[in-house]
Amino acid sequence: MAKSVSQDAISTILANPSPDSSSDIPEIIVQVLDLKLTGNRYTFNASDGKMKLRAIFPSNMSSEIITGSVQNKGLVRILDYTLNDIPNKSEKYLIVTKCEVVSPALETEIKAEVETEEHDTVLKKPKLEYEARYEAKADVSGIILKPKQEIVSKSAAQIVHEQRANMAPSSRMAMTRRVHPLVSLNPYQGNWMIKVRLTSKGNMRTYKNARGEGCVFNVELTDEDGTQIQATMFNEAARKFYEKFQLGKVYYISRGTLKVANKQFKTVQNDYEMTLNENSVVEEASNEETFIPETKFNFVPIDQLGPYVNGRELVDIIGVIQSVNTVSNIKRRIDNENIPKRDLIVADETKKTVVVSLWNELANNVGQELFDNADKSPIVAIKSLKVGDFQGVSLSTLGKSSVMINPDIPEAKKLRSWYDSEGKGSSMASIGLGLSPSSKTGARSMYTDRVSLTHITSNPSLGDEKPAFFSIKAFVSLIRPEQAMWYRACKTCNKKVTEAVGSGYWCEGCQKNDEECNLRYIMVSKISDTRGEAWVSAFNEEAEKIVGCSADELDKLKSEQGDIDGYQQKLKEATWVPHLFKVSVTQNEYNNEKRQRITVKAVAPINFAEESRFLLEEIKKMRNPQ
């Protein structure tokens, strides 16, 4: 018998938009039509031959679509789903959360052929079976069945009600409403509930803006399919849930809202981010089996940290503790608050070491435990580290970072075995050594991801999903003297200030008035290499290195006695000087048109010895292509 679609499959879905569990779903086989990539997910029309419904595949099916297991005009069995409304339209949208392949592509689209005679037979069949059963019962004589009222004293509804009353709140929540997988959530969905493990918890942070002061913290949540989402809580919600959320525990969460994630700042792979308010419901899932995965790591070897320097992407590392410093206090410039900091030196199988700075609570709590046990060379796995350029390459924890000591994972066991047998007696070298002549020049990492300008300008899609980072060797070929090259900035927070009524300058960020302000560069210049040219933006520290003086000094030169010639001469001196640039490439939208924006992240003068070594390595690669 040829494989085909389930009869009235779409009607079945529409009649049951949110089944309580997968076991409640009858067999639903549909044909995939108009399969196409929309954003980073695949959409299609689900067809049963009579009706069609717009649908979207789960993200874990993308690999099967790419390899050809799922094909246009093929058949799939839908095992779990959610039906959502399309905003401002009367249509429905099917979100498939679990499915399996039934058949590859058929030759044609399936279309229902209704035969009245056969249809009538199907309709009559249940009635005949019922009549046969009734008649069979009627033939049995002499047997009278009476209900035992004294034994069955409670109805089923009463029993279920009592069971729910005796359950923990989280168990009642699980029975009352269906648990949705994270992949099925979107901003247009109504009521939903998720069951997730807390895999990352940030510190409580305070902020100040034009609307006043407040507090905020973030968490990362993971469901049993491994899908992650970031959730944020402000003010009352932050104070309500900060102590309730404990790392590693499992929770039922409902009454939150979703919005499209800011690609520039998101820390997990999800198109959406969640906000929980004071009316959201968070209940710990206790006294029940939980199959939610533990914290997932994506370890980067220490010798491969170079491309991540000064980028937005966070990294995870695993290594052996080589040394642990005592706690020091760093005064934060914005509010003069003392922040605890503790430095560790960590090594891995690449025989490279890196400095990891623990901040705030991690410096005092986990840092003290590592300090007390440093002589035992414990293994540490650290998630969500920022990669900086101090001493060549360095790592720092953030509010959302987490540290595990001697974790029970295969990578830790492998590293321990290597260190005990070989690594302990090996010579280790800092990852920052040899990358630049000086850690202060910013030249380190200028020799990774080296490209020409045409590589960037000829690829307009670069930076579309997330910022792309490259190194370039180029000359500054033009700085327009007529541009607004700087702005007035607050001396405390560097944000833009406005002239206050009377005298001084008003800072909206600090909410205060100062008599003086600083000038900070915001400069656009053209850079050129041997293959092309491009316009780039440079901010204060990078622009100072290009121009050779501060914005205050350049303004003074321009305004004193109207010395325009001296001002233009200074800019002219800054051109046709070779530099190494680290740049980011992003996409900005202007007048409904996407444009490439190239921003200078670091500038360094060329060290010809390092440049020669780099070129020799490139020549060697050309001679011995792999």
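Counting from 1, the numbers follow the sequence of the chain as shown. Owing to the predicted nature of the structure, the values given are computational and were not obtained by experimental measurement.
Applying the salt bridge (Lys or Arg N to Asp or Glu O under 4.0 Å) test to K351 and every residue at least two apart in sequence or in another chain returns E422. The salt bridge (Lys or Arg N to Asp or Glu O under 4.0 Å) check on E361 picks up nothing, with sequence neighbours excluded.
In this model, no donor atom of one side chain and acceptor atom of the other lie less than 3.5 Å apart for S550 and D552.
When all heavy atoms of A363 and R342 are compared, the closest pair comes out as O-NE, 2.9 Å. In terms of heavy atoms, W486 sits closest to A551 at CB-CB, 4.0 Å. Closest approach of V603 and K545 over heavy atoms only: O-CD, 3.5 Å. Nearest heavy atom pair, residue N513 against residue G504, reads OD1-C, 4.0 Å. Pairing each heavy atom of V524 with each of Q483, the nearest pair is O-NE2, 2.8 Å. Residues G214 and N235 share a closest heavy-atom pair of CA-OD1, 3.1 Å.
Cation-pi geometry between R450 and F614 is satisfied (NZ or CZ under 6.0 Å from the ring centre, within 45° of the ring normal). Under the 6.0 Å distance and 45° angle rule, K496 does not count as a cation-pi partner of Y487.
Inter-residue side-chain proximity for E220 and I229 is flagged as unmet; no heavy-atom pair is nearer than 4.5 Å. The shortest side-chain heavy-atom distance between I479 and M523 falls under the 4.5 Å cut-off. Contact check for K36 versus N72: no side-chain heavy atoms found under the 4.5 Å cut-off. In this structure, the side chains of F297 and E411 stay at 4.5 Å or more apart for every pair of heavy atoms. Considering only heavy atoms from C-beta on, F217 comes within 4.5 Å of M233 through its side chain. Looking only at side-chain heavy atoms (C-beta outward), N270 and Q228 stay at 4.5 Å or farther from each other. Between I456 and Q596 the shortest side-chain heavy-atom distance falls below 4.5 Å. At a threshold of 4.5 Å between non-hydrogen side-chain atoms, the residues V387 and L395 count as touching.
Judged by distance alone, the side chain of E515 and the main-chain N or O of S503 form no donor-acceptor pair under 3.5 Å. Between the side chain of E273 and the main chain of A231, no donor-acceptor pair closer than 3.5 Å is present. A donor-acceptor pair under 3.5 Å links the side-chain atoms of Y567 to the main chain of P481, judged by distance alone. Without hydrogens or angle criteria, N209 side chain to G212 main chain gives a donor-acceptor distance under 3.5 Å.
Rounded to the nearest 0.5 angstrom, D34 CG and T43 OG1 are separated by 8.5 Å. Taking NZ of K259 as the reference point, atom CG of D271 lies at 14.5 Å (rounded to 0.5 Å). Here CG of L453 is found 4.5 Å from CD1 of I527. Values are rounded to the nearest 0.5 Å. Distance check: L478 CG to R480 CZ gives 6.5 Å after rounding to the nearest 0.5 Å. Taking CZ from R488 and CD from E499, the interatomic distance works out to 4.5 Å, rounded to the nearest 0.5 Å. Between L554 atom CG and L519 atom CG the span is 9.5 Å, to the nearest 0.5 Å.
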**Request:** Decide yes or no on side-chain contact (heavy atoms from CB on, under 4.5 Å) for Y272 and L185, but give the supporting numbers first.
**Result:** CA-CA 8 Å; Y272 304 113; L185 300 187; 5.8 Å; no

**Item:** Criterion side-chain contact (heavy atoms from CB on, under 4.5 Å) on F470 and I598, from CA distance to verdict
**Value:** CA-CA 10 Å; F470 300 101; I598 306 173; over 6 Å; no

**Message:** The test is side-chain contact (heavy atoms from CB on, under 4.5 Å); show your working for C215 and Y207 and say whether it passes.
**Reply:** CA-CA 6 Å; C215 58; Y207 64 87; 5.5 Å; no

**Asked** Could you walk me through whether T353 and I302 pass the side-chain contact (heavy atoms from CB on, under 4.5 Å) check?
**Response** CA-CA 7 Å; T353 64; I302 292 177; 5.9 Å; no

Side-chain donor-acceptor contacts of residues 315-325 below 3.5 Å, not counting sequence neighbours, with atom names and distances?
{"unit_1": "D316", "atom_1": "OD1", "unit_2": "S384", "atom_2": "N", "d": "2.9"}
{"unit_1": "D316", "atom_1": "OD2", "unit_2": "N298", "atom_2": "N", "d": "2.9"}
{"unit_1": "D316", "atom_1": "OD2", "unit_2": "K383", "atom_2": "NZ", "d": "3.4"}

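With D343 as the partner, the side-chain hydrogen bond (donor to acceptor under 3.5 Å, both in side chains) test is satisfied by one option alone out of S357, S396, S394: S357.
Comment: E541 engages R520 in a salt bridge, judged by a side-chain N to carboxylate O separation of less than 4.0 angstrom. Ionic pairing of K601 and E542 is not present here: no N-O contact between side-chain nitrogen and carboxylate oxygen is shorter than 4.0 angstrom. Salt bridge annotation for R613-E610: present, with a cationic side-chain nitrogen under 4.0 angstrom from a carboxylate oxygen.
The aromatic rings of F44 and F57 lie parallel to each other, with less than 30° between the two planes, well short of the 60° mark.
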